[in-house]
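Each remark here refers to the structure printed beneath this line.
None of the values given here were measured: they were computed from a predicted structure. Only heavy atoms go into these numbers, but all of them, side chains included; no hydrogens, no water, no symmetry mates.
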Amino acid sequence: MKQVVADAAIREVKSDMILGLGSGSTAALMIKSLANEIRSGKLKNIKGVATSFQSEVLALELDIPLIDLASLPQIDLAIDGADEVDPGFQLIKGGGACHVREKLVASKANQLLIVVDETKLVQNLNQSFPLPVEVLPNAWKQVQEVISEMNGSSSLRMATKKAGPVVSDQGNLILDVLFNDGIKNPKDIEMKINNIPGVLENGLFVDLTDKVLVGKIEDNIPVVYSPSRAS
Ligand code: 5RP
């Protein structure tokens with residue numbers, strides 16, 4: 001499912017574009033498909049903007065030319081994965097702790113294309129997938145207390161193959177937050193969380209997504225469709 005949706009995303013790319021390169025396993029497949037198209041000469045003069053060390057390293061390994069976000073007035077198209085997509089195309093991202101740079105890139109993109117498999121489609125956000133919140137290292141306990149006053153339970157994301165917590169690309173920590181009733185008003189929650197002292201950014205992507213490509217299995221064959229946004 002992830003491979004077909006990654007390949008479908010690359011069909012939206014045209015030569016001469018500046019592309020936001022997302023993070024996560026689906027975005028990684030998309031970056032590999034992009035490299036194949038560049039290598040074969042089908043796509044020319046592409047420049048990528050990385051959303052994480054993961055996408056930067058992959059692009060460098062695959063000889064995709066990179067350009068720094070700070071040097072750009074805008075990005076033509078950003079392609080990224082997501083952890084949850086609701087019917088209005090509001091998202092939870094940050095399963096890979098990359099949502100700070102992912103949101104910067106998405107905000108500078110003329111178009112944001114999201115690539116997911118259908119397990120990521122939900123009616124309401126945050127019923128099961130916790131909202132990632134990046135916090136300054138010495139603020140995590142204080143932020144946790146404020147979130148608990150907002151009826152959210154949070155846990156510090158712990159690393160695997162390293163003792164202690166996950167440290168983000170920016171050197172911060174991640175709180176994963178589940179609200180008692182999920183997130184009904186993403187715009188409101190996005191702003192309230194980002195207003196807590198010590199919070200750098202949260203994984204709610206509100207009113208940023210232009211198009212979603214969904215991979216699913218139909219009659220044992222992986223297919224891709226593009227749902228319309230519910231108003
Ligand atoms: C990383 C992200 C990813 O895009 C999101 O976690 C989806 O990843 P995957 O395609 O591996 O399921 O937001 O911070």
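Atom OG1 of residue T51 and atom CG of residue D80 lie 5.0 Å apart, to the nearest 0.5 angstrom. Rounding to the nearest 0.5 Å gives a distance of 13.0 Å between CD1 of I114 and NZ of K211. In this structure, R229 CZ and D86 CG are separated by 10.5 Å, a value rounded to the nearest 0.5 Å. The CD1 atom of I10 sits 8.5 Å away from atom CD1 of I46, with the distance rounded to the nearest 0.5 Å. Considering CG of N45 and CE of M17, their distance stands at 12.0 Å, rounded to 0.5 Å.
In this structure, the side chains of V116 and V212 come closer than 4.5 Å at one or more pairs of heavy atoms. No side-chain heavy atom of V13 sits less than 4.5 Å from a side-chain heavy atom of E37. Under the 4.5 Å side-chain criterion, counting only non-hydrogen atoms from C-beta, V85 is not in contact with V122. When side chains are defined from C-beta on, E84 counts as touching S128, because their heavy atoms get closer than 4.5 Å.
What you find for A106 and L112 is that their closest heavy atoms are CB-CD2, 3.9 Å. The heavy-atom pair separating L66 from A59 by the smallest distance is CD2-CB, 3.7 Å. Heavy atoms only, all atoms of each residue included: A97 and S168 are closest at O-CB, 4.2 Å. Smallest separation of non-hydrogen atoms from L121 and Y225: CD1-OH, 3.4 Å. Of all heavy-atom pairs spanning G81 and A27, the tightest one is N-CB, 4.4 Å. Contact record, V105 with A50: CG2-O, 4.0 Å, taken as the closest heavy-atom pair.
When only modelled atom types and interatomic distance are considered, E190 and N194 share no side-chain donor-acceptor pair under 3.5 Å.
A salt bridge is defined here as a Lys NZ or Arg NE, NH1 or NH2 lying under 4.0 Å from an Asp or Glu carboxylate O, and K103 with E134 fails to meet this definition. Ion pairing between a basic and an acidic side chain is recognised when a charged N comes within 4.0 Å of a carboxylate O; R157 and D176 show such pairing.
In the hydrophobic clustering of ILVMFWY residues, with side-chain heavy atoms under 4.5 Å counting as a link, F179 and L204 come out together. Note: the hydrophobic cluster containing V214 does not contain V5 (ILVMFWY, side chain heavy atoms under 4.5 Å, direct or indirect links). Placement of L113 and I75 in two distinct hydrophobic clusters is found when ILVMFWY residues are connected by side-chain heavy-atom separations under 4.5 Å, directly or transitively. Taken together through direct or relayed side-chain contacts under 4.5 Å among Ile, Leu, Val, Met, Phe, Trp and Tyr, V167 and W140 form part of one hydrophobic cluster.
Here the side chain of N124 pairs no donor or acceptor atom with the backbone of Q127 at under 3.5 angstrom. Without hydrogens or angle criteria, Q54 side chain to G24 main chain gives a donor-acceptor distance under 3.5 Å. E102 contributes no side-chain N or O that, together with a main-chain N or O of K93, makes up a donor-acceptor pair within less than 3.5 Å.
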